[in-house]
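This one's a predicted model, so the numbers in the text were calculated from it and none came from an experiment. So you know, we letter chains A, B, ... as the sequences are listed, proteins then strands, and number each from 1.
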Amino acid sequence: MTTLQERTRFEPAEVEPRIVERWLDSGLHHPDPDGTPEENYSIAIPPPNVTGVLHMGHALNSSIQDTLIRFNRMQGRRAKWILGTDHAGIATQKQVEKALQGEGTSREELGRERFIDRVWEWRAQYGGTIVEQLKRLGATVDYDDERFTLDEGYVRAVLEVFVALYRKGLIYRDNYMVNWDPGTRSAISDLEVEDREVTDALYSIAYPLADGDGEVVVATVRPETMLADTAIAVNPGDERYRHLVGREAILPIVGRRLPIIADEYVKTDFGTGALKITPGHDPNDFEIGRAHGLPEITVIGEDGRMTEAAGAAFAGLTVDEARETVLAALREQGLLRDAEPYTHTVPFSHRSGARVEPLISLQWFMRMDELAAPAMDAVRDGRIRIHPESQSRRYLEWLQNIRPWCISRQLWWGHQIPVWYRGEETYVGTEPPEGEGWERDPDVLDTWFSSGLWPFATLGWPDDTPQLRAFYPTDVLSTARDILFLWVARMVMLGMEFAGDVPFEDVYVHSVIQAPDGRRMSKSLGTGIDPIDEIDRHGADAVRFGLLAMSSTQDVKYSSEKVQQGQRLANKLFNASRYVLLNVRDDAGAEPRPQTVYDRWILSRLQAAKAAFAENIAEFDFAKAALGLYDFVYGELCDWYLEFTKGREFAADLSATMVHVLRETLTLAHPVIPFVTEELWSHVPGTEGLLAQARVAPADPSLRDEAAEAEMAAVIEAVQALRSWRDEAGVKPGQVLPARIDGLDGSARLVARMTRLDLEGDGPLTATVPVPGGSVEIRAGELVDREAEERKAQAERERLRAEIDRAEEKLSNAGFVAKAPPQLVDAEREKLDRLRRELDGL
RNA sequence: GGGCGCGUAGCUCAGUGGGAGAGCGCUCGCUUCACACGCGAGAGGUCGCAGGUUCGAAACCCGCCGCGCCCACCA
């Protein structure tokens, strides 16, 4: 308590480490796996990359989830926030490879086994960082049950799912066009591709007809791929080319004969209307080629260089070199007809930044349509609710048009595909096959394959565990928009297929936080803001409050002001608590014993604040919840209630009421600002244990007191009117003025106290100030500046006359009186009467 | 090309049919016995533009202007 007496500021840096220790020691984050999922509350954290560090997105999402978890825990539910990290195939492998490069070695030199050992070492060294950072934020994730998407149990779950889907015919191997990332030398999925706008040249190239009778000109931005052309296509309805269909052209440089085919895909109004078909290197041409049974030739290799099939003159060249060589040859032969700048979108790898090279290769695919149907139904029939609602349309549209998913990756770090080959034989199983000579498929699974099992694999699936029975399905999944398809949709599909139920009931899609200038927060742009720095500066409560207060259903700019607002809130609560704790009688208890109208008022307002907070949380409106809390603490508790109590004796009744209000306020605020509230809780008389483990009674509408609220609304308005008058009349703040109050009933003395009026004194009339339901006569004679006072009264009369005019005009509008709701018309009449009385009073 | 959203005080944003709000910033005043990371009082807005619906529009509808984001295989 000595610290409370001495300190006038809440010091997060001093308090937070202590509080974190107490929370961790209590084990509150690790609920027993009892009860049913309906009784319990659970959230699976979106697993951060194992070698990642906390960024603003994590900080926001963790603040949201921890607020939900703490709120529900305090309602008395077993609350489990499932913790773990993701092995993040490409990202992690790249980091380790970079480290190896620094040591002058490489993954190839080490070999697969030793390389993977190195990654595990890496994980041991850096994998704990983000978990430690979550503690700084106050996140009560289940630290005692941390999972990893490559831990032993998780591997079993992944293999089990792969084998089951294979047996069901949903997983298959095929030669197919994939997005090849020359940067990581692996196939990547459609979702890992990002389109960028690029200015290339659009070349027009003449292909002579085989019979020597003229030529056909095609347009292309990638002349180097012509080495793999196997046809030319035109639109069947195109009069210009109708006579050519069925004939052949000669591929320049190579000399191959190309059939001229007709296909609806070809646009007549783009380029020349004739399209070269390169099934080996263009996704559209690939489809056309398959439809027409064309050969598939590959001239670009997985290393991004030309292959032997491109011909001796090109083999080994880079794609760019090959382009120049092809163009030079065409120029020489007079076949290059045109070249003009052309801006279009081109796929780039999200992972490596390299330009994606569409290639045909032998990969593992997963058919999605069969699993997509129930996943769509779950959202359509409301078993899963996506917030905001608009995102469910995106979800459904994506699933509607879903395509096969390329799940194999040419990496070493990840879940190795459980498939073995021996000659023509293929074996698929969770255990290696019997016998000699089997060789395992070297590829690993796309990281999102294992992430898709997250909500149930973390709880022990495929075993029937108590954890699974108690916490699956989870309640809420909170995530950013960008992984709605990549991750959320796949969890729904796989959860329904394997765990027998939807993986969560609500999906909350939160804001993306941009830099204060509206650009993306990114390390490379230098626009990133480190949440840990912000915690150091302002405290974890401030950061949590600020992030929640700035969150929305759309992208937001990072607002340091909101964080500072949170810091002020924590400090305000600290000092308000000091005022209460240093004055009340410790033995008075905490059962409220309201003696005055403002006691009844604050108890009623507290119920209103609790109800509003709960409602905002239920609607995932975290900004409203946080700002509503701020408004209650500042605008009702501190500005009014605590001020009203000043000058009153802190007897048992008042002490009990104030302690009650303080306790309730701390429990209300705890989910948002857990540190300061937990710290204060330990000083409140009669509390035991941790606030984080306290039980809270839900808001009770029967405890609202309309009469007290109405009376206090009038008091507050009167006080503000009188203070405003004093200030503008130039009265010194400390000056006590004689006055008479007409109206305000039993609250007149309270108003007088708050505005330094002396109801016993008397003097010549100075001014009359209108207040709700009456007026106040200031009787201070010449104490104040007469001239200023007259100006003020004049302005007030003008204001009243303007308002009266407005009301009269409205009421003289026949349409308004006839069509507006009657109570509104009545209210307008009452207002007019009141305004006239106030004007008369002056 | 399709879809979603935004434009309100100097700044960041609430407000979705009945008299324009908050936080920050700004001005004035205050050593008021919790807090100067404080208290009190103010100034500041043709609610992007133009039309329509309505007794009444910041809000609903149409168009335009400006700004975001997502999806999409026109070489």
Side-chain angles (χ1 to χ4, degrees), chain A residues 4-5 7-10 177 190 195 202-203 218-222 225 233 265-278 282-288 342 344-345 347 358 388 390-391 393-394 397-398 401 481-482 484-485 512 514 516 518 538 542 549-550 552-562 564-565 567-583 623-624 627 630-631 634-635 638-639 642-643 646-647 719-720 723-728 730-734 755-756 803 806-807 810 813-821 824-825 827-828 831:
Chain A
L4 268 193
Q5 243 144 14
R7 287 197 188 283
T8 60
R9 284 184 193 179
F10 176 62
M177 177 136 291
D190 291 344
D195 286 325
L202 181 63
Y203 300 99
V218 302
T220 180
V221 292
R222 300 205 58 194
T225 65
Y265 169 80
V266 184
K267 303 282 182 290
T268 55
D269 58 357
F270 189 88
T272 62
L275 177 62
K276 72 187 208 50
I277 301 298
T278 320
D282 183 282
N284 307 310
D285 295 5
F286 178 80
E287 299 292 340
I288 295 170
Y342 178 64
H344 61 149
T345 57
S390 60
Q391 295 297 328
R393 253 198 315 280
R394 282 184 63 222
E397 273 168 28
W398 186 75
N401 303 315
R481 201 177 41 231
D482 54 347
L484 189 62
F485 309 141
V512 172
Q514 300 166 331
H538 304 290
M550 73 182 87
S552 156
T553 53
Q554 59 185 61
D555 294 355
V556 293
K557 293 175 196 159
Y558 185 78
S559 162
S560 174
E561 288 81 10
K562 286 283 194 297
Q564 283 164 42
Q565 195 177 349
Q567 187 175 2
R568 281 195 309 276
L569 175 62
N571 193 58
K572 189 75 172 173
L573 203 49
F574 182 79
N575 279 295
S577 302
R578 285 182 66 226
Y579 169 69
V580 174
L581 297 172
L582 297 176
N583 282 296
K624 258 194 199 158
L627 293 169
Y630 179 93
D631 287 341
Y634 264 79
C638 293
D639 287 351
L642 296 184
E643 294 302 323
K646 286 181 180 174
V719 169
Q720 287 176 327
R723 281 176 178 165
S724 179
W725 175 85
R726 287 183 65 117
D727 198 72
E728 290 188 21
V731 180
K732 287 208 172 75
T755 54
R756 299 198 185 225
E803 295 233 6
R806 212 137 130 210
K810 215 167 180 180
N813 180 339
F816 175 73
V817 178
K819 295 191 179 178
L824 209 67
V825 178
E828 199 65 28
K831 189 172 75 183

*Asks:* In whole Å, measure the gap between the C1' atoms of B:U46 and B:U31 for me.
*Replies:*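 The answer is 45 Å between these two C1' atoms.
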*Asks:* Could you tell me whether the side chain of A:K646 has a donor or acceptor atom within less than 3.5 Å of a complementary atom in the base of B:A34?
*Replies:*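 Yes.
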*Asks:* A:A820 or A:S559: which one's nearest nucleotide on RNA chain B is closer to the 5' end?
*Replies:*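 Its nearest nucleotide lies further toward 5', so the answer is A:S559.
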*Asks:* Distance check, C1' atoms only: B:G15 and B:A9, in whole angstrom units.
*Replies:*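 14 Å, rounded to whole Å.
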*Asks:* Examine the base of B:G19 for any acceptor or donor lying under 3.5 Å from a partner atom in the side chain of A:E803, and report the outcome as yes or no.
*Replies:*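 Donor-acceptor pair under 3.5 Å: yes.
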*Asks:* Whole angstrom is fine here: how far is it from CG in A:L642 over to P in B:G40?
*Replies:*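 It works out to 12 Å between those atoms.
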*Asks:* When you measure from the side-chain N and O atoms of A:Y265 to the phosphate of B:C73, is any distance below 4.0 Å, counting only OP1 and OP2?
*Replies:*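 It does not, given that no N or O in the side chain of A:Y265 lies less than 4.0 Å from OP1 or OP2 of B:C73.
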*Asks:* Counting only distance, no hydrogens or angles, is the base of B:A34 paired donor-acceptor with the side chain of A:E643 under 3.5 Å?
*Replies:*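 Per atom types, the contact qualifies.
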*Asks:* Quick one: is B:C24 close enough that its OP1 or OP2 comes under 4.0 Å of any side-chain N or O from A:R568?
*Replies:*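 Indeed, a polar side-chain atom of A:R568 lies that close.
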*Asks:* Identify the two heavy atoms, one from A:D285 and one from A:T278, that lie closest to each other, and give their separation to 0.1 Å.
*Replies:*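 Scanning both residues completely, I find the closest heavy atoms to be OD2-N, 2.7 Å.
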*Asks:* Once you round it to whole Å, what is the distance between P of B:C11 and CE of A:M550?
*Replies:*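 In whole Å, B:C11 P lies 19 Å from A:M550 CE.
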*Asks:* Specify the separation, in whole Å, of atom CZ of A:R723 and atom C1' of B:C30.
*Replies:*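 Taking CZ of A:R723 and C1' of B:C30, I get 12 Å after rounding.
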*Asks:* Does a nitrogen or oxygen in the side chain of A:R9 sit under 4.0 Å from OP1 or OP2 of B:C37?
*Replies:*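 A:R9 to B:C37 OP1/OP2: side-chain N or O found under 4.0 Å.
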*Asks:* What does A:V266 touch in the nucleic acid at a heavy-atom separation under 4.0 angstrom: a base, only the sugar-phosphate, or nothing?
*Replies:*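 A:V266: base contact, heavy atoms under 4.0 Å.
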*Asks:* Base, sugar-phosphate, or nothing for A:P347, non-hydrogen atoms under 4.0 angstrom?
*Replies:*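 No contact.
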*Asks:* Give one of base, sugar-phosphate or nothing for A:R726, where a contact means two heavy atoms less than 4.0 Å apart.
*Replies:*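 Counting heavy atoms under 4.0 Å across all strands, no contact is made by A:R726.
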*Asks:* Spell out, as yes or no, whether a donor-acceptor pair under 3.5 Å connects the side chain of A:R578 to the backbone of A:T8.
*Replies:*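 Not at all, since once roles are kept as given, no pair shorter than 3.5 Å links the two residues.
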*Asks:* I need the CG-P distance between A:L627 and B:G21, as an integer number of Å.
*Replies:*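 Rounded to the whole Å, the gap is 18 Å.
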*Asks:* Kindly say whether A:L573 contributes a backbone atom to a donor-acceptor pair with the side chain of A:S577 at under 3.5 angstrom?
*Replies:*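 Yes.
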*Asks:* Mind checking A:D282 for me? I need base, sugar-phosphate or nothing, with any heavy atom below 4.0 Å counting as a touch.
*Replies:*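 Result for A:D282 = nothing.
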*Asks:* May I ask you to verify if any side-chain N or O of A:K557 is less than 4.0 angstrom from the OP1 or OP2 atom of B:U12?
*Replies:*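 The answer is yes; a side-chain N or O of A:K557 sits under 4.0 Å from OP1 or OP2.
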*Asks:* Is the shortest side-chain N to carboxylate O distance from A:E397 to A:R394 below 4.0 Å?
*Replies:*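 A salt bridge is absent here (no side-chain N lies under 4.0 Å from a carboxylate O).
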*Asks:* Distance check, P atoms only: B:A58 and B:G7, in whole angstrom units.
*Replies:*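 About 15 Å, rounded to a whole number of Å.
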*Asks:* Given A:R806 and A:E803, is the salt bridge (Lys or Arg N to Asp or Glu O under 4.0 Å) satisfied, shown in steps?
*Replies:* CA-CA 5 Å; A:R806 212 137 130 210; A:E803 295 233 6; 5.6 Å; no
*Asks:* Considering only atom C1', compute the distance from B:G52 to B:G40 and round it to an integer number of Å.
*Replies:*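 These two C1' atoms come out 47 Å apart once rounded.
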*Asks:* B:C35 P sits how many Å from A:L569 CG, rounded?
*Replies:*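 Atom CG in A:L569 sits about 18 Å away from atom P in B:C35.
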*Asks:* Does A:S724 put a side-chain nitrogen or oxygen below 4.0 Å from OP1 or OP2 of B:G42?
*Replies:*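 Indeed, a polar side-chain atom of A:S724 lies that close.
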*Asks:* Please report the distance separating the P of B:C24 from the corresponding atom of B:A41, rounded so that it comes out in whole Å.
*Replies:*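 It comes out at 14 Å once rounded to the nearest Å.
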*Asks:* In whole angstrom, give me the gap between the C1' atoms of B:U54 and B:U16.
*Replies:*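 B:U54 and B:U16 have their C1' atoms separated by 16 Å.
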*Asks:* Mind checking the P distance from B:G18 to B:U12? Whole angstroms is fine.
*Replies:*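 Between the two P atoms, the distance is 27 Å.
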*Asks:* What interatomic distance, in whole Å, is found between C1' of B:G44 and the corresponding atom of B:C28?
*Replies:*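 After rounding to an integer number of Å, I get 15 Å for this pair.
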*Asks:* Indicate the ring-plane relationship of A:Y630 and A:Y634, choosing parallel, tilted or perpendicular according to the 30° and 60° boundaries.
*Replies:*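 Geometry flag for A:Y634 against A:Y630: parallel rings.
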*Asks:* Taking OP1 and OP2 of B:G23, is either one under 4.0 Å from a side-chain nitrogen or oxygen of A:K572?
*Replies:*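 For B:G23, OP1/OP2 do not have a side-chain N/O of A:K572 under 4.0 Å.
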*Asks:* Over how many whole Å does the gap from A:F485 atom CZ to B:C70 atom P extend?
*Replies:*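 Atom-to-atom, A:F485 to B:C70, this comes out as 11 Å.
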*Asks:* Does A:K810 get its side chain close enough to the base of B:G18, under 3.5 Å, for a donor-acceptor pair?
*Replies:*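 Result: no qualifying N/O pair found.
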